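The structure displayed is predicted, hence computed values, not measured ones. Hydrogens, waters and symmetry mates play no part in the numbers below; they use all other heavy atoms, side chains included. Numbers here simply count residues along the sequence, with the first being 1.
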Amino acid sequence: MFELTEPIALVAYQAHEPTETVMANRFTNYWDAYFAGRAAPLGHTSADVVHALFYNFADGEVARHIPKVWDSITPDEAITLRQQGCAAAIRRIAGDLLDSPAVTGATELLLRAATSGRTEGRPMYAALTRLPIPGEPVERLWHAANLLREHRGDGHIAALMAEGINGTECHVLLALSMGMPAEKFGRVHHLPSPRLAAVIDGMRDRGLIGQDGWLTDAGKATKERVETLTDQLASPAYDVLTDAEIDDLTTGLQPVSASLAAVGSE
């Protein structure tokens, strides 16, 4: 399900349309648009709260954008513009594939799953569930995928916390699991070298990283437990669907998801 829905949700961060739509005559950089779009369902919430819920930004990064962005756009405007931009990106990439009745049916199944999850302990997902469900078909598809992405994300944070992995360490863990030095990883490479070195040293002291700079067996096992628990916590959202409906959902959306995945949702 993750591999099916992630390419759809990911256009919000990879494709140019959502960013440009939110930025238009309001902002001058990607991150203003990112925080305005993603944090909008939370309303006029403080930077400290957004930092806590997003989990994986370094100290001070959120505060450079929140609450400043609300001087240029309202949360409701950001929600609408982001949604429209995401739908435009999906239409550009998937094209005629979206006209299939199978996609329409699969969208409704995905939306049923996306709105069936429990909200306890899932603040980002809970914030999204208060939004009106779009009427336009492609916007409905993206909205459903985004709900499931944030539902999964809340569970992923819980899994990271259970393993004692903080918001910067999770990027280091991911980078090293991909065979990439943390210093080269996009989400943390910009951090001051002493700060990143301190994070890596702390993980080394806990036995997660070896003297060679790569994950130890304990580090790999930690990463595996995080991913396994994340999957387990995401799974209940689909319990509302029968096995046959899961098959219809998968068959209907697979061509669209594949077309998006092929271009990195860009």
Side-chain angles (χ1 to χ4, degrees), residues 2 6 9-10 12-14 19 27-39 42 45-69 121-125 127 149-234 264:
F2 172 75
E6 180 71 354
L10 204 57
Y13 310 104
Q14 298 294 97
T19 300
F27 305 124
T28 59
N29 66 82
Y30 169 87
W31 289 109
D32 277 345
Y34 171 93
F35 282 104
R38 189 175 175 215
L42 302 170
T45 306
S46 71
D48 288 345
V49 172
V50 175
H51 173 81
L53 297 184
F54 285 14
Y55 194 71
N56 59 4
F57 285 89
D59 291 345
E61 287 186 331
V62 175
R64 288 201 288 269
H65 307 276
I66 299 289
K68 180 189 71 173
V69 295
R122 300 182 188 269
M124 286 300 301
Y125 175 69
R149 189 176 202 267
E150 294 290 13
H151 178 274
R152 181 184 180 88
D154 285 333
H156 188 56
I157 290 171
L160 289 166
M161 291 180 66
E163 290 291 338
I165 303 296
N166 70 32
T168 303
E169 291 173 342
C170 69
H171 294 304
V172 175
L173 193 67
L174 176 59
L176 296 181
S177 72
M178 296 166 57
M180 178 186 298
E183 296 83 358
K184 302 290 186 182
F185 191 60
R187 286 295 303 278
V188 291
H189 80 278
H190 65 289
L191 295 178
S193 296
R195 185 189 302 183
L196 185 55
V199 171
I200 293 171
D201 287 345
M203 296 176 72
R204 185 179 290 113
D205 291 343
R206 283 152 45 210
L208 302 175
I209 296 176
Q211 293 302 317
D212 60 359
W214 298 103
L215 293 180
T216 61
D217 288 344
K220 294 174 184 176
T222 296
K223 177 69 164 57
E224 182 63 27
R225 287 195 300 271
V226 167
E227 298 304 329
T228 298
L229 182 54
T230 299
D231 285 341
Q232 291 172 348
L233 293 174

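Considering every non-hydrogen atom in both Y55 and L160, the closest pair reads CE2-CD1, 3.9 Å. Nearest heavy atom pair, residue G219 against residue L173, reads O-CD1, 3.9 Å. The shortest heavy-atom contact between L233 and H151 is O-CE1, 3.6 Å. G164 and R206 get closest at one heavy-atom pair: O-NH2, 3.2 Å. The two atoms that bring N56 and H171 nearest to each other are O-NE2, 2.9 Å, heavy atoms only. Closest non-hydrogen pair, S177 versus K223, comes out as OG-CE, 3.5 Å.
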Result block: side-chain N/O donor-acceptor pairs under 3.5 angstrom for residues 178-185, not counting sequence neighbours:
none

Candidate pair R225 and T222, rule side-chain hydrogen bond (donor to acceptor under 3.5 Å, both in side chains), full reasoning: CA-CA 5 Å; R225 287 195 300 271; T222 296; 3.3 Å; yes
T45/I66 under side-chain contact (heavy atoms from CB on, under 4.5 Å): CA gap, chis, key distance, verdict: CA-CA 8 Å; T45 306; I66 299 289; over 6 Å; no
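Between F35 and F54, the ring planes lie parallel to each other; the angle is under 30°, not in the 30° to 60° tilted range.
With Y125 as the aromatic partner, R152 does not meet the cation-pi criteria of under 6.0 angstrom to the ring centre and within 45 degrees of the ring axis.
How far CG of N29 is from OG1 of T19: 10.5 Å, rounded to the nearest 0.5 Å. Summarising the geometry, atom OG1 belonging to T216 is positioned 10.0 Å from atom CG belonging to L176; distances are rounded to the nearest 0.5 Å. Distance CG/D48 to CG/D59: 10.0 Å, rounded to 0.5 Å. Between the NE2 atom of H65 and the CZ atom of R38 there is a distance of 13.5 Å, given to the nearest 0.5 Å. Note that CD1 of I209 and CD of E169 are 8.5 Å apart. Values are rounded to the nearest 0.5 Å. Summarising the geometry, atom CG belonging to L53 is positioned 7.5 Å from atom CD1 belonging to I157; distances are rounded to the nearest 0.5 Å.
Residues K220 and E224 are not paired through a salt bridge, judged by the lack of any N-O separation under 4.0 Å between the basic side chain and the carboxylate.
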